[in-house]
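See structure below.
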Amino acid sequence: MTAIEMPNQIVIQAQPAKMRKILVIGSGGSGKSTFARRLGTLLELEVIHLDSIYWRAGWVEMPKPEWRTTVEELLSRGAWIMDGNYSGTIEMRLEASDTVIFLDMPRLLCVWRLIKRAMLYRNQRRPDMAEGCPERLNWEFIKWVWDYHERTRPKIVKLLMTTQKQVIWLRSPAEVKSFLGANSLSSNHDPSAPSAWAASNQG
């Protein structure tokens with residue numbers, strides 16, 4: 001990992017000029033799509049919402065072989081910001097990226113955001129979702145998000161602690177805001193200037 005590891009802390013040197021293939025991951029409700037759109041605007045990169053590609057009208061899943069081929073094509077593009085989980089392709093996406101941004105938000109916040117999103121887009125399709133897939137929320141998905149911390153997070157942490165990619169680990173809305181603000185300044189003034197970023201390591 002491109003980071004200086006210290007007891008209970010990871011100090012990250014984020015270099016916007018070298019961020020050309022960015023993977024944004026995190027629990028449902030962590031704010032991946034919103035974050036990806038904002039960062040895409042700042043860095044002037046194509047934003048790929050995997051949810052809008054994986055799902056078909058009526059919430060029909062893309063067949064796995066076709067999905068893998070589709071992801072491979074997306075990864076072959078020159079530059080992008082890609083948000084989404086999809087554990088079956090996480091390793092190939094990590095390999096293709098130069099930067100991974102992990103939105104490691106508190107699960108209570110994630111669940112609250114799911115409820116808020118469901119109310120905001122009731123019977124409507126949200127911007128990062130496929131056509132014909134109106135917003136939906138059920139207990140199964142809420143439980144999936146609630147259990148993410150124990151079920152999925154340890155696997156993600158293990159991947160991030162062993163990768164040589166640039167890793168940016170954000171654990172609160174305040175850290176997200178500061179990170180985007182720092183990159184806004186960097187993109188407006190000196191794209192090659194590194195932006196120091198620190199986040200406590202719970203992994």
Side-chain angles (χ1 to χ4, degrees), residues 16 19-105 109-138 141-142 144-145 148 152 156 159-160 165 167-170 173 176-177 179-180 183-184 187:
M19 295 165 61
R20 303 296 296 166
K21 294 186 176 183
I22 306 169
L23 192 60
V24 180
I25 57 177
S27 170
S30 62
K32 296 184 298 297
S33 297
T34 300
F35 178 89
R37 283 196 299 270
R38 293 177 64 186
L39 188 60
T41 298
L42 290 174
L43 301 182
E44 298 182 344
L45 294 177
E46 175 190 14
V47 176
I48 301 172
H49 301 299
L50 291 181
D51 279 347
S52 68
I53 299 170
Y54 180 77
W55 295 102
R56 295 173 175 175
W59 290 98
V60 175
E61 298 177 66
M62 182 181 291
K64 283 182 170 57
E66 183 181 350
W67 172 239
R68 192 170 185 84
T69 300
T70 299
V71 172
E72 288 174 349
E73 186 279 323
L74 294 172
L75 295 176
S76 69
R77 299 180 184 180
W80 37 259
I81 298 175
M82 184 179 293
D83 81 82
N85 288 309
Y86 300 99
S87 58
T89 60
I90 184 65
E91 291 188 10
M92 63 188 291
R93 286 182 283 130
L94 180 60
E95 178 63 27
S97 68
D98 55 51
T99 303
V100 186
I101 300 178
F102 182 29
L103 301 185
D104 191 16
M105 299 294 122
L109 173 63
C110 293
V111 170
W112 162 242
R113 284 176 169 176
L114 292 183
I115 297 171
K116 182 179 178 181
R117 187 173 72 189
M119 295 173 62
L120 180 63
Y121 292 104
R122 185 179 181 183
N123 298 322
Q124 301 177 58
R125 179 186 67 87
R126 67 178 191 264
D128 55 296
M129 186 51 69
E131 290 289 345
C133 295
E135 186 65 15
R136 65 178 184 177
L137 182 63
N138 52 44
F141 188 46
I142 291 176
W144 186 90
V145 169
Y148 178 93
T152 304
I156 296 298
L159 284 174
L160 298 187
K165 308 294 183 175
V167 174
I168 299 164
W169 201 321
L170 306 177
V176 168
K177 182 177 180 180
F179 175 79
L180 291 171
N183 278 284
S184 176
S187 62

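For reference, positions follow the sequence shown, starting with 1.
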### Task
Taking the side chain as every heavy atom from C-beta outward, state whether Leu23 and Thr99 have any atom pair closer than 4.5 Å.
no
### Summary
Residues passing the side-chain hydrogen bond (donor to acceptor under 3.5 Å, both in side chains) test with Arg136, sequence neighbours excluded, are none
### Task
Measure from the side-chain N and O atoms of Lys165 to the backbone N and O of Glu95, and report whether any donor-acceptor pair falls under 3.5 Å.
yes
## Note on the structure
Residues Tyr121 and Pro127: closest non-hydrogen pair is OH-CD, 3.4 Å
## Note on the structure
What one should report as the nearest heavy-atom pair of Arg56 and Cys133 is O-SG, 3.2 Å
### Query
Looking at OG1 of Thr89 and CZ of Arg68, how far apart are the two atoms once the value is rounded to the nearest 0.5 Å?
7.5 Å
### Task
Apply side-chain contact (heavy atoms from CB on, under 4.5 Å) to Ile25 and Ile101, showing your working.
CA-CA 6 Å; Ile25 57 177; Ile101 300 178; over 6 Å; no
### Query
Is Ser97 reaching over with its side chain to a backbone N or O of Leu94, donor-acceptor style, under 3.5 angstrom?
yes
### Task
Decide yes or no on side-chain contact (heavy atoms from CB on, under 4.5 Å) for Thr41 and Arg37, but give the supporting numbers first.
CA-CA 6 Å; Thr41 298; Arg37 283 196 299 270; 5.6 Å; no
### Task
Taking all heavy atoms of Met82 and all of Leu74, pick out the closest pair and write down the distance.
CE-CB, 3.9 Å
### Query
What distance separates Asp83 CG from Leu103 CG, expressed to the nearest 0.5 Å?
9.0 Å
### Query
How many angstroms lie between atom CD of Glu44 and atom CG of Leu39, to the nearest 0.5 angstrom?
11.5 Å
### Message
Do Lys116 and Leu120 make a side-chain contact, defined as non-hydrogen atoms from C-beta onward lying under 4.5 Å apart?
### Response
no
#### Entry: Minimum heavy-atom distance between Gly40 and Val47, given as atom pair plus value
CA-CG2, 3.8 Å
### Query
How are the rings of Trp144 and Phe141 set relative to one another: parallel (under 30°), tilted (30 to 60°) or perpendicular (over 60°)?
parallel
### Message
Quick check: do Ser30 and Tyr148 have side-chain heavy atoms less than 4.5 Å from each other?
### Response
no
### Task
Show your working on salt bridge (Lys or Arg N to Asp or Glu O under 4.0 Å) between Arg77 and Glu72 and close with a plain yes or no.
CA-CA 9 Å; Arg77 299 180 184 180; Glu72 288 174 349; over 6 Å; no
### Task
Kindly determine whether Met129 and His49 satisfy side-chain contact (heavy atoms from CB on, under 4.5 Å), including the steps that lead there.
CA-CA 8 Å; Met129 186 51 69; His49 301 299; over 6 Å; no
#### Entry: Close side-chain approach of Val167 to Phe102, heavy-atom, < 4.5 Å
no
### Task
Output all residues satisfying ring-ring contact (aromatic ring centres under 6.0 Å, His included) with Trp80, sequence neighbours left out; order by chain, then residue number.
none
### Task
Measure the spacing between CZ of Arg117 and CG of Leu137 and express it to the nearest 0.5 Å.
8.0 Å
### Steps toward side-chain contact (heavy atoms from CB on, under 4.5 Å) verdict (Ile168, Leu170)
CA-CA 6 Å; Ile168 299 164; Leu170 306 177; 3.9 Å; yes
### Message
A side-chain contact here means heavy atoms from C-beta on lying under 4.5 Å apart; do Leu180 and Phe35 qualify?
### Response
yes
#### Entry: Validation row: Val176, Phe179 side chains within 4.5 angstrom (heavy atoms)
no
### Query
Atom CG of Leu50 and atom CE of Met62: how far apart are they, to the nearest 0.5 Å?
10.0 Å
#### Entry: Basic-acidic side-chain contact under 4.0 Å: Asp51, Arg126
yes
### Task
Output yes when a side-chain donor or acceptor of Asp98 lies under 3.5 Å from a complementary backbone atom of Lys21, and no otherwise.
yes
### Task
Output yes when a side-chain donor or acceptor of Ser52 lies under 3.5 Å from a complementary backbone atom of Ile48, and no otherwise.
no
### Query
Would you call Ile22 and Met19 a side-chain contact if the rule is heavy atoms closer than 4.5 Å?
yes
### Message
Tell me if a side-chain donor or acceptor on Trp169 pairs with a main-chain N or O of Val100 at a distance below 3.5 Å.
### Response
no
### Message
For Glu135, is there an ion pair with Arg125 - N to carboxylate O distance below 4.0 angstrom?
### Response
no
### Query
Shortest non-hydrogen contact from Val145 to Ser27?
CG1-OG, 3.4 Å
### Query
How many angstroms lie between CD1 in Ile81 and CZ in Arg20, if you round to the nearest 0.5 Å?
9.5 Å
